J.: 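One structure follows; several queries about it will come next.
Just so it is clear, the structure is predicted and the values come from calculations on it, not from any experiment. As a basis for the values below, the full set of heavy atoms in this structure was taken, side chains included, without hydrogen atoms, waters or symmetry mates.
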Amino acid sequence: MYLILSILIVWGTTIHAQTSHTHPDKLYVEEAASDLTDVRRNSKVLTLEIVLEQGMRKNYNEQIRKKSGEILLNQLQDNSDQFWFPNLNLTLQSSTQRVGTVVEGSRDSRTTRTPTGSFGLEVENFTVWNWGKDYLSFKNNKETIERNIEIQKEQTRNFRQNLISTYTKLLYLNEVLKLKKQQLRNASFVYRLNREKVPLKKVSKHGYYQSRSDYLRAQDEYYQAKINLEIEFENMAELLNDPPEIKYLLNDEFKYSKIKMTSKGAYKIAYKNSPFLRTAKLNQRTTTRDYEIALRNNLPLPTISIDLGSYKHEFGGDSTTRFATSAGNSIELVASVNATWTLFGDGGLLNRRALATSRMTKENAQLTLEATRRAVEKEIAKIYRRLRNIDDRLKILTSRVPSLKNRLDLALDSYLERKSSYTDYQLALFESYETQASEVELKWTHFNLKIQLAQLIGVEELPGHVFDRIVLGKEKGNL
């Protein structure tokens, strides 16, 4: 009996509903020929290696990140040069000169044809000492730019992990589509069989309409699974910069394995590498320095600077070459004091409110760091709870799925032999395929939680897991 069923199922492989005018219940399942032609014309074989290579090379956001990283490197060098070295400028200045005459007037007021001006090297005033205020600002700018460079690298790392996650989601949705297709074949077989038996009075009309309703339900679930996969195709196409409405051909599978790193290990790595904590720590350091700057700005501390002057060649008229500074030809260290204290108005008496605001900003940054640390700990704990829960559920499903498959086979044989009701077969059919789909979904969710954990604690791979070796096929590895 099972052999006959298998032959009939193979015979009805492709499926699409259409209604006949001669028989309103005559519904068949088949793929339109034009759809299959479109698939062949606008399709592409996809593997994880292709996803990673093409995504890192062609994705627009990734290209923008690379350019932004180069801009930040330039800003970092400018910040360093500005603090450690005086600006040395090559200058050229000239007066206006006459290059032609549109309407000739008084000759006495005409602009000369010979320009005058200067060409030379000029060194801007350089601050030698201002009680560390410039150094604190330099450190703030330096660490902020360096953190922004790290963020670009973290976003690139997260993008690579998201490519892997999206690819495995395609595999998961493709597997669900296969399951829904098998479910539809089974429902279609029983429905067509009952449709032939109704005129012969071998099946009641109630049983016939039950099988017809389940067949339509299975068809609806099939098309829902199909659109879910096609939507994910578009998400992947955007990441890879592929043309729209492309269809990917998938042949890989991915495997499930328990996480090897303990939660204590995750906390330890997160305290050091978590992007959220690194940003909060930077904010805490910069606000502390800003408070120090505010305190020193409120004191009458002299600033010591040096004018290194300029070396210029003057042309036009009597050409001369000379060296000059603001103090004639002398190079001097000079000190100046510039301080302002508010007596009434913005900032409060003697800038007390301004100082209090800077101090409380520093304290808020410390509290934000502690709150961020606690939030990271909470998210790690939630991920580990979900991972353990999925592990427990998959243990059950691993045993339950084969039992449900056997139950479905027995229920179908029993129904065809008229030893049981259609309800028994109906329950066995949908429970079997829904449970198989749940198992696949849980395995992908388990892997995706590992990706989320890696991004949360700031690592590219979890200890004992290599994300880009997750597929089963050409290369095997652990999730």
Side-chain angles (χ1 to χ4, degrees), residues 50-92 121-127 130 132-166 235-242 269-270 272-294 358 361-362 364-365 368-369 372 376 451-452 454-461 467-468:
I50 294 175
V51 168
L52 293 176
E53 188 278 329
Q54 184 174 330
M56 300 301 292
R57 176 171 50 87
K58 295 183 64 176
N59 181 265
Y60 288 124
N61 290 332
E62 185 60 25
Q63 295 178 42
I64 292 172
R65 272 192 288 271
K66 290 179 181 178
K67 298 297 182 183
S68 298
E70 294 175 3
I71 293 172
L72 290 170
L73 288 175
N74 289 337
Q75 293 177 356
L76 185 64
Q77 187 63 47
D78 287 342
N79 181 64
S80 177
D81 291 348
Q82 183 181 20
F83 177 75
W84 292 109
F85 307 106
N87 279 354
L88 179 63
N89 302 321
L90 187 64
T91 61
L92 173 62
L121 292 174
E122 182 179 291
V123 183
E124 296 181 0
N125 286 354
F126 183 66
T127 300
N130 72 340
K133 291 184 288 184
D134 282 353
Y135 179 72
L136 292 173
S137 296
F138 161 73
K139 287 286 290 182
N140 276 356
N141 292 334
K142 177 176 180 292
E143 291 189 6
T144 299
I145 296 172
E146 288 175 342
R147 178 64 192 133
N148 288 334
I149 292 174
E150 289 179 352
I151 289 174
Q152 298 296 320
K153 294 179 180 179
E154 290 166 357
Q155 290 176 346
T156 295
R157 181 184 67 209
N158 290 347
F159 173 68
R160 187 176 185 276
Q161 293 169 339
N162 289 338
L163 284 174
I164 299 174
S165 179
T166 304
N235 293 335
M236 178 60 82
E238 182 185 18
L239 295 177
L240 302 185
N241 197 16
D242 276 336
I269 296 175
K272 180 180 179 181
N273 293 335
S274 174
F276 306 99
L277 286 176
R278 292 177 74 87
T279 299
K281 289 176 182 177
L282 171 64
N283 186 45
Q284 190 268 338
R285 293 194 300 270
T286 55
T287 53
T288 299
R289 295 193 189 103
D290 287 338
Y291 180 58
E292 290 295 326
I293 293 172
S358 182
T361 301
K362 180 193 73 168
N364 276 345
T368 300
L369 173 60
T372 303
V376 169
I451 292 283
Q452 294 178 24
Q455 294 178 349
L456 181 61
I457 67 177
V459 295
E460 186 163 355
E461 311 282 358
F467 291 149
D468 58 358

J.: Just to verify, what does D290 make a side-chain contact (heavy atoms from CB on, under 4.5 Å) with, not counting sequence neighbours?
T.: N140, I293
J.: State which residues pass side-chain contact (heavy atoms from CB on, under 4.5 Å) with A270; sequence neighbours excluded, sorted by chain then number.
T.: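 Result, side-chain contact (heavy atoms from CB on, under 4.5 Å) vs A270: S274, V376, I380, I457.
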J.: Is any side-chain heavy atom of Q82 closer than 4.5 Å to one of D78?
T.: no
J.: Could I get the full list of salt bridge (charged side-chain N to carboxylate O under 4.0 Å, His left out) partners for K272, not counting sequence neighbours?
T.: none
J.: To the nearest 0.5 Å, tell me how far N158 CG sits from S165 OG.
T.: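 Output value for this atom pair is 11.5 Å.
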J.: In a check of side-chain contact (heavy atoms from CB on, under 4.5 Å) between R157 and each of R160, Q161, Q155, which one passes?
T.: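 Among the candidates, only Q161 passes.
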J.: Indicate the atoms forming the closest heavy-atom contact of L240 with K58, along with that distance.
T.: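 Scanning both residues, the minimum pair turns out to be O-CB, 3.9 Å.
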J.: Side chains of N283 and L369: does their closest heavy-atom pair fall under 4.5 Å?
T.: no
J.: Check side-chain hydrogen bond (donor to acceptor under 3.5 Å, both in side chains) between N162 and all other residues, then give those that pass, not counting sequence neighbours.
T.: Q455
J.: To the nearest 0.5 Å, what is the distance between CG (L76) and CD1 (I71)?
T.: 14.0 Å
J.: To the nearest 0.5 Å, tell me how far Q54 CD sits from N241 CG.
T.: 7.5 Å
J.: Is there a side-chain contact between D134 and F83, using heavy atoms and a 4.5 Å cut-off?
T.: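 Yes, at least one pair of side-chain atoms sits under 4.5 Å.
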J.: Closest approach of F276 and L456, non-hydrogen atoms and distance?
T.: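 Nearest heavy atoms, F276 then L456: CE1-CD1, 3.7 Å.
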J.: Could you label the plane-to-plane angle of the W84 and F138 rings as parallel, tilted or perpendicular, counting under 30° as parallel and over 60° as perpendicular?
T.: perpendicular
J.: Within the 4.5 Å heavy-atom criterion, are F159 and L163 side-chain neighbours or not?
T.: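 Yes. Closest side-chain heavy atoms under 4.5 Å.
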J.: Between N59 and L239, is there a donor-acceptor pair closer than 3.5 Å when you use the side chain of the first and the backbone of the second?
T.: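 Side chain of N59 to backbone of L239: a pair is present.
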J.: What side-chain donor-acceptor pairs closer than 3.5 Å can you find for residues 145-154, not counting sequence neighbours?
T.:
{"unit_1": "E146", "atom_1": "OE2", "unit_2": "K142", "atom_2": "NZ", "d": "2.7"}
{"unit_1": "R147", "atom_1": "NE", "unit_2": "T279", "atom_2": "OG1", "d": "3.2"}
{"unit_1": "R147", "atom_1": "NH1", "unit_2": "E150", "atom_2": "OE1", "d": "3.0"}
{"unit_1": "R147", "atom_1": "NH1", "unit_2": "E154", "atom_2": "OE2", "d": "2.9"}
{"unit_1": "R147", "atom_1": "NH2", "unit_2": "E154", "atom_2": "OE1", "d": "3.2"}
{"unit_1": "R147", "atom_1": "NH2", "unit_2": "E154", "atom_2": "OE2", "d": "3.4"}
{"unit_1": "R147", "atom_1": "NH2", "unit_2": "P275", "atom_2": "O", "d": "2.9"}
{"unit_1": "R147", "atom_1": "NH2", "unit_2": "T279", "atom_2": "OG1", "d": "3.1"}
{"unit_1": "N148", "atom_1": "ND2", "unit_2": "T144", "atom_2": "O", "d": "3.3"}
{"unit_1": "E150", "atom_1": "OE1", "unit_2": "R278", "atom_2": "NE", "d": "3.3"}
{"unit_1": "E150", "atom_1": "OE1", "unit_2": "R278", "atom_2": "NH2", "d": "3.2"}
{"unit_1": "E150", "atom_1": "OE2", "unit_2": "R278", "atom_2": "NH2", "d": "2.9"}

J.: Apply the test side-chain contact (heavy atoms from CB on, under 4.5 Å) to residues Y291 and T361: give CA-CA distance (whole Å), side-chain angles for both, the deciding distance (0.1 Å), then the verdict.
T.: CA-CA 8 Å; Y291 180 58; T361 301; over 6 Å; no
J.: I'd like to know whether CD of E461 has more than 12 heavy-atom contacts from other residues, nucleotides or ligands below 6.0 angstrom.
T.: yes
J.: To the nearest 0.5 Å, how far apart are CD in E62 and OG1 in T156?
T.: 3.5 Å
J.: Could you pull out all residues at least two apart from E143 that satisfy salt bridge (charged side-chain N to carboxylate O under 4.0 Å, His left out)?
T.: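 Once residues adjacent in sequence are excluded, the partners of E143 under the salt bridge (charged side-chain N to carboxylate O under 4.0 Å, His left out) criterion are K139, R285, R289.
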